Protein chains: 2
Amino acid sequence: MARIKDVALAAGVSTATVSRVLSGSGPVRKELRDKVLETVAALGYRPNLAARRLRSSRTETIGLIVSDVRNPFFTNISRAVEDMAYQQGMRVMLCNSDEDPKKEALYLGLMEDENVCGVIFSPTLGTARQFDATAYPFPVVMIDRPVAVGAVDAVVLDNRAAARALVDHLVAQGYRHIGGIFGSASGTGLARREGFHQALQQYGLTGSSQLLAPTVAAAQQEIERWLASPNRPEALLVSNGLFLLGALQAVRAAGLSIPEDVALVGFDDDPWTALVEPGLTVIAQPTYEIGRTAMELLLQRRESPERPVRVIELAGTLIKRGSSRMLTTA
Amino acid sequence: MARIKDVALAAGVSTATVSRVLSGSGPVRKELRDKVLETVAALGYRPNLAARRLRSSRTETIGLIVSDVRNPFFTNISRAVEDMAYQQGMRVMLCNSDEDPKKEALYLGLMEDENVCGVIFSPTLGTARQFDATAYPFPVVMIDRPVAVGAVDAVVLDNRAAARALVDHLVAQGYRHIGGIFGSASGTGLARREGFHQALQQYGLTGSSQLLAPTVAAAQQEIERWLASPNRPEALLVSNGLFLLGALQAVRAAGLSIPEDVALVGFDDDPWTALVEPGLTVIAQPTYEIGRTAMELLLQRRESPERPVRVIELAGTLIKRGSSRMLTTA
DNA sequence: ACGTAAAATGTAAACGATTACAAATAAAGT
DNA sequence: ACTTTATTTGTAATCGTTTACATTTTACGT
């Protein structure tokens, strides 16, 4: 295996020069540069990354901590981050935290060990609330979950606006009595709930909402109760993909039909939402865009560590499908 | 930041001893070991990974090259590999090759640079056919795609058996005239096609099959042609999730209903296959298991590089749903 | 032509661990 | 008690780069 000194010897230059050519760190006469590049190619030399990282203490690696890559939302983000990173000659280290604060801490430590140059992180509510960016030697960009503002760069969906858009749509379609179910584990759920109630208030409507653990079963159970109650809602708004699934199953189990008996709208344009009958009206998140933006924030902060903290809110897209079809005032 | 020499000094031992304690590489008297551990904790010392990797030339990192993590199949595998790896104190480097041989080569080189201790790889057909394991300094385990037998460790679905099982099922349900569509880009499609024709032959049936590029549009187009033809098949068997989607859309677009006008069965138990109406009969792949097994093969080969090459075929599971309901002999 | 500033190159000291090898200590056999 | 052997520990070389600093070369103004 060729080492840098072999290249230097063969090219008749010093190792410093070879290093300068390869990392573009210093000036080298064109003539020598070409000679070096030629020898590098001839010997098939590839620099030893461990040595380089040790000496320079730069790793060109970024960490990505999500709760579970199997979630299509994070899958898309992960893909965007990876695309951007490899394009920049950087590496990505992906970790699944399973919404577990212990694992979050563990992986943050691991990132420190790896000496990453930045981390993109989707924290649980607890971690988000008490996160101290200064405790880590690398910049952090939060995604998906809102964070105490001003504390750390972040890119999130405009959750309030998105929830309002869903309510606007339902109201426009003629629905009045609307129930909402929101995830209790993330700041996302809370923000969406705020938007939900804001919008209702604006229309002079009242509606009940419920905070639930983010599982299919929890939603299914709660919605079965609602459907069985005497004044069941005309429409249901749920705050994530799992709830959407739970809701769908509850409605089907109750032998009711969508949207005739009850309309259903939610978040996340997962592939299946378009395929079920009727298609589900959802807010699509710009997932790839979120990943790309997070990466951009990270790179920019690396350039200028002192620039003020930025929280970027991206707009969701309302995708209208059959599950919120216009009420025919029977 | 504490270095190993600081720990050594504070604990009153040599750096060698600290190293031995931390990496468990040599014998250390319990008394000293405790003292060292104590000092490590007190100083909050964490070994520098770059230095360790440089000196030992061991990285405890494995590479995972898949075509696209957004594919639920690979997402599950990725999750399994990551779970296993972190559990072992190893890291994972994930790359998306997009079925592009150039990127495959690029990332394999990158893995070499990273000095990974092994790679789990889902190659395109071309790469699989001419893959030379001895060209790389790390062991490779192929997944999903069959490879020239004997060349390299692999774990794949028993594709022939799976296709036969689908045909068995269709025949048992009363279908006779069966059409098949298979992916041309991977060995997987070819193997499934073999199983398909084997099974038909066994029943004394004939059936036509088609090799197509693995896209939704290709399947949709081809199937629309079939449905419009005078003697359209009673049942369709397609070899992957994308085709399933394309087929579903084609059938719906033609205004036909499943399974009354045409039955539909396929591969990959993606979440949505259970949610559409009717549910789709599929072969579920043990995706998590595939990832886990691949990781096991890799670890075992690290232990004993000389052990003979193994190709592990895992059985799929037939999941019967409405899309292949029994034909009522009208 | 000559001195000075700027640009290009080389020399050698890091970076922070691991690990041969040597040295010291403890255990065991006679 | 005294080798001999086994077990622990320490010393110092080493992994392969980058980079501060010294040195040489080139360019330039007068």
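Chain identifiers are assigned alphabetically (A, B, ...) following the order of the sequence lines, protein sequences preceding nucleic acid strands; residue numbering begins at 1 within each chain. Because the structure is a prediction, the values reported are computed rather than measured.
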- [ ] Would you mind reading off the distance between B:Leu9 atom CG and C:dG16 atom C1', rounded to a whole angstrom?
- [x] 16 Å

TODO: Would you mind telling me which of C:dT9, D:dT8, D:dT17 lies closest to the side-chain atoms of A:Pro27?
DONE: C:dT9

Task: Nearest-Å distance for atom pair CD1/C1', residues B:Ile4 and D:dA12 - done: 14 Å

Task: Flag for A:Glu99-A:Ser67: side-chain donor and acceptor within less than 3.5 Å - done: yes

Task: Rounded interatomic separation in angstrom, taking CG from A:Asp6 and P from D:dG16 - done: 9 Å

- [ ] Specify the separation, in whole Å, of atom NZ of B:Lys5 and atom C1' of C:dA14.
- [x] 11 Å

Task: Position toward the 5' end of DNA chain D (nearest nucleotide), B:Gly12 or A:Asn48 - done: B:Gly12

Task: A:Arg29 side-chain N/O to C:dT9 phosphate OP1/OP2 under 4.0 Å - done: yes

- [ ] Round to the nearest Å and state the distance from B:Glu31 atom CD to C:dT25 atom P.
- [x] 14 Å

Open item on the list: Check the phosphate of C:dT18 against B:Ser19, side-chain N and O only, distance under 4.0 Å to OP1 or OP2. Yes or no?
Closed with: yes

TODO: Would you mind telling me which residue lines up with the more 5' stretch of DNA chain C, A:Val13 or A:Ala51, judged by nearest nucleotide?
DONE: A:Val13

Open item on the list: I need the CZ-P distance between A:Arg20 and D:dG16, as an integer number of Å.
Closed with: 21 Å

- [ ] Measure from the side-chain heavy atoms of A:Leu54 and tell me the nearest of D:dG16, C:dA17, D:dT17.
- [x] D:dG16

Task: Nearest-0.5 Å distance that lies between atom CG in A:Leu37 and atom CZ in A:Arg33 - done: 7.5 Å

TODO: Quick one: label B:Thr15 by what it contacts on the DNA or RNA (base, sugar-phosphate, nothing), any heavy atom closer than 4.0 Å.
DONE: base

Open item on the list: Less than 4.0 angstrom between a side-chain N/O of A:Ser56 and OP1 or OP2 of D:dT18, yes or no?
Closed with: no

Open item on the list: Under 4.0 Å, heavy atoms only, any strand: does A:Arg53 hit a base, just the sugar-phosphate, or nothing?
Closed with: nothing

Task: Spacing between A:Arg33 atom CZ and C:dA7 atom P, to the nearest angstrom - done: 15 Å

Task: Atom CZ of A:Arg129: over 12 foreign heavy atoms under 6.0 Å - done: no

Open item on the list: Just by distance, no angles: are the side chains of A:Thr124 and A:Glu104 close enough, under 3.5 Å, to form a donor-acceptor pair?
Closed with: yes

Open item on the list: For B:Tyr86 and A:Tyr107, take the angle between the two ring planes, folded into 0 to 90°, and tell me which bin it lands in: parallel under 30, tilted 30 to 60, perpendicular over 60.
Closed with: perpendicular

Open item on the list: Looking at B:Arg55 and D:dT14, is any side-chain donor or acceptor paired with a base atom of the opposite kind under 3.5 Å?
Closed with: yes

Open item on the list: Heavy atoms only, 4.0 Å cut-off, all strands: where does B:Thr17 land among base, sugar-phosphate and nothing?
Closed with: sugar-phosphate

Open item on the list: Does A:Leu32 reach a base, just sugar-phosphate, or nothing at all? Heavy atoms under 4.0 Å.
Closed with: sugar-phosphate

- [ ] Tell me, with the steps shown, if A:Arg46 and B:Glu114 meet salt bridge (charged side-chain N to carboxylate O under 4.0 Å, His left out).
- [x] CA-CA 11 Å; A:Arg46 312 196 73 159; B:Glu114 290 286 349; over 6 Å; no

Open item on the list: I need the CG-C1' distance between B:Leu49 and C:dA17, as an integer number of Å.
Closed with: 10 Å

- [ ] Looking at every strand, decide which applies to B:Arg58 at a 4.0 Å heavy-atom threshold: base, sugar-phosphate, or nothing.
- [x] sugar-phosphate

